[in-house]
Each structure stands twice: as structure tokens, then as C-alpha cells.
There are 2 protein chains.
Amino acid sequence: MTAAHVHHPDLTRNQSLVYDVLNGSDAPLSAYSILDALRGEGFRAPLQVYRALEKLRAYGLVHRLESLNAFVACSHPDCAGHETAGFAICEKCGKVSEFAEERIAAPIRDWAKREGFVLAGSMIELRGLCRDCREG
Amino acid sequence: MTAAHVHHPDLTRNQSLVYDVLNGSDAPLSAYSILDALRGEGFRAPLQVYRALEKLRAYGLVHRLESLNAFVACSHPDCAGHETAGFAICEKCGKVSEFAEERIAAPIRDWAKREGFVLAGSMIELRGLCRDCREG
DNA sequence: TCGGGATGTGTTATGACATAACATAACGAA
DNA sequence: TTCGTTATGTTATGTCATAACACATCCCGA
């Protein structure tokens, strides 16, 4: 486990197993990939994964990448507060870097305020090439 | 048809039918909803819709909402240039408003530049309540 | 005008992602 | 202990998207 997170104290066995698989992965994983990774631990059905993911997302330990239908462990401590996380997805190596920049979040909140839109959450996903892959 | 777009001159019949369905809808539509709307025009299979959508997206006439697995007609004239469009999705009424604000796009480009990330495209989707629904 | 590549279309089958519904078990507080 | 809440296991189903192949159409250049 990296230094990014101490486990939420009340994770169940399934939640903990799913979190550890995501946290040990370089790249986002689909729910079915997680399922396959946990067959040895007794997982049999997609719902076992989806239910754990649902809780982990509520705890802020895991994010869903909408454009990939995949999931990543949060790379920020205490991420639950970050309503406006963003992700840069490398189309070559598949790695994702997460960011939470006030310079990006603020103008979005401002737009919402001007429009009278009550912001409940936001999703920002960038496609492109990461620094390591740009010279490839 | 609203004033937002004049049809791309070279739309085929299928592309035109799919575009018109989206353009006539208040809210985003799934590919299968579009298919059902076009059965009367002879559509039988999902691929007929997906192939039209693929072209329409390439022309900038249609956008995909990743968080909904659904599609909307572009609401900006000459949208092909707006690589960094964003969408505010009302969770009550389902309506979507599209925006393309330099104040939002610029800090994202800046972040990418600082990180050495070669930006190929971006997805920005906001969840919340629109002005009309916030008082409901 | 005759090809021949590029693009569009129709159809069947399949793959990938996600949830409904129901039963059982574990847990924690009154 | 008892009861509500939360977690779990399982089967079946629903939703979204694409592969593979055959045929048609269009345009352009020899």
C-alpha cells in the first residue's frame, strides 16, 4: 500500500479486498477485471464488486472514470472533501494522474453560480499523452 | 429545428434522421432510445444509430455525455472548434446546458502544459440542479 | 464508360458494463 | 434478546456498444 491512504477503519472484507486491488494497480480497472482478480478470494459475481465500489466511492477512497467505465483508488489523502477532482488519462500507457486544483475548480464554481446551477459534483477527465509517453 | 445549426451539407439520410431526433429532444438520449424513435423510419439495429452518431460527433454536431451514456445535439453554432466543451446536467429534470468558457478551459490547458501532458481532448460534466429546478 | 477505392448500409451475433430481486447472515444498539 | 440496519451470496436480467461479413452506392480518374 502506498502512503496515500490509511484504510478507512470500517472497511469490510470485500471492500478492503477491492480497495487493495485498485490501489495496487498502475492503471484504472473495470469492475469485471477486479472480479477476476478476486476469484481466488471467493468472489463469484459482479455485484460483490459493484457493492464494494459503491461504498468505497462514498468514502472518497475510489473514483470512477466515466469515460473509461473504470475505477481508480484515490491518490489524495482525505479525498472525500474534493468535490472537483480531475483526471488526466494517458492514451498510450493507460496511467491516470489525479489532480485537485483550485485554479480549475474555482472557475467552474463561478460558472455554476452565475447560471444559478446548484453544483452537486463535477467530473473532469482529460485525454492525451503523459510526459513519459509524449516522446514515444 | 432550432437556429443553432444549419445541417452539415453532406449528412446522409441516417445521419440526418439521428441528428433530428437529438436536436428535437429536451434531454440527452441513449443510442437505443434513438433507435426506438427511428423504427418507423426503418431502423432495425443499434449499429445504424452508432454509425451515424460516430460521424455526427466527428462533425461536431453531437456530443456524448460520458456520465450518462447518452448523446445530445451540440447547442453552439460551428461547434467543431470547441474541443473543451462542458455540460451541466440537471439531476431533476434531465436537461443539459452546454458551455464553452475560456475561463474554464484555460486553466486546464495550463495544468496540462505544466505537467507535460499533451492534451488531446477533455470531458467536463457537472451534476446538480438547474435554475428552474432549484426551487422545486 | 468502365473500373475500383472509399464510404455508407443492413443484419446477425456477441461482448462489456451494470443492476433488479430475493434470500441469508452479521452486526449493533435499545 | 430482539429488532432494525447493513453486508453478503446468487441468479437472472437489463443496458450499452462493437465485431464480422455482405451488399450497395458514389465519385473520380484512366
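All chains are named by letter (A, B, ...) in the order of the sequence lines, taking the proteins before the strands, and each is independently numbered beginning at 1. Source: prediction; values computed, not measured.
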Fill in: Closest to side chain of Tyr59(B), choosing from dT10(D), dT9(C), dG8(C)
dG8(C)
Practice prompt. Just compare dG10(C), dA18(C), dC16(D) and give me whichever is closest to any side-chain atom of Phe71(A).
Written response: dA18(C)
Worksheet item: Between Phe117(B) and Trp111(B), what is the ring plane arrangement, given parallel below 30°, perpendicular above 60°, and tilted in between?
Response: tilted
Expressed in angstrom and rounded to an integer, what is the separation of [X] atom [atom1] from [N] atom [atom2]?
X: Leu17(A); N: dA7(D); atom1: CG; atom2: P; result: 15 Å
X: Asn14(B); N: dT7(C); atom1: CG; atom2: P; result: 17 Å
X: Ile34(A); N: dA18(C); atom1: CD1; atom2: P; result: 10 Å
X: Asp10(B); N: dA6(C); atom1: CG; atom2: C1'; result: 14 Å
X: Leu68(A); N: dC17(C); atom1: CG; atom2: P; result: 10 Å
X: Leu11(A); N: dA7(D); atom1: CG; atom2: P; result: 11 Å
X: Phe43(A); N: dA7(D); atom1: CZ; atom2: P; result: 14 Å
X: Arg13(B); N: dT9(C); atom1: CZ; atom2: P; result: 10 Å

Practice prompt. May I ask whether Tyr50(B) stacks on the base of dT18(D), given the cut-offs of 5.5 Å between ring centres and 30° between planes?
Written response: no
Item to complete: Please check if the distance between the ring centroids of Phe87(A) and His63(A) is under 6.0 Å.
Response: yes
Discussion item. Looking at Glu66(B) and Arg64(B), is any side-chain nitrogen of the basic one under 4.0 Å from a carboxylate oxygen of the acidic one?
Written reply: yes
Worksheet entry | NZ/NE/NH1/NH2 to OD/OE distance under 4.0 Å, Asp36(B) and Arg39(B) | yes
Worksheet item: Is there a donor-acceptor contact under 3.5 Å linking the side chains of Glu98(A) and Ser75(A)?
Response: yes
Worksheet entry | Phosphate OP1/OP2 of dT8(D) contacted by Thr12(A) side-chain N/O (<4.0 Å) |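 The answer is yes; a side-chain N or O of Thr12(A) sits under 4.0 Å from OP1 or OP2.
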Item to complete: Could you tell me whether the phosphate oxygens of dG10(C), OP1 or OP2, come under 4.0 Å of any side-chain nitrogen or oxygen in Gln48(B)?
Response: yes
Worksheet item: Looking only at N and O atoms, is any donor in the side chain of Arg51(B) or the base of dG10(C) less than 3.5 Å from an acceptor on the other one?
Response: yes
Item to complete: On DNA chain D, check which nucleotide each of Arg44(A) and Asn69(A) is closest to and give me the residue with the more 5' one.
Response: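 Its nearest nucleotide lies further toward 5', so the answer is Arg44(A).
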Worksheet item: Taking for each residue the nucleotide of DNA chain D bearing the nearest heavy atom, is the 5' side occupied by Arg64(B) or by Ala52(A)?
Response: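 Counting from the 5' end, the first nearest nucleotide belongs to Ala52(A).
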Worksheet entry | Residue met sooner reading DNA chain C from 5', once Lys55(B) and Leu47(A) are mapped to nucleotides | Lys55(B)
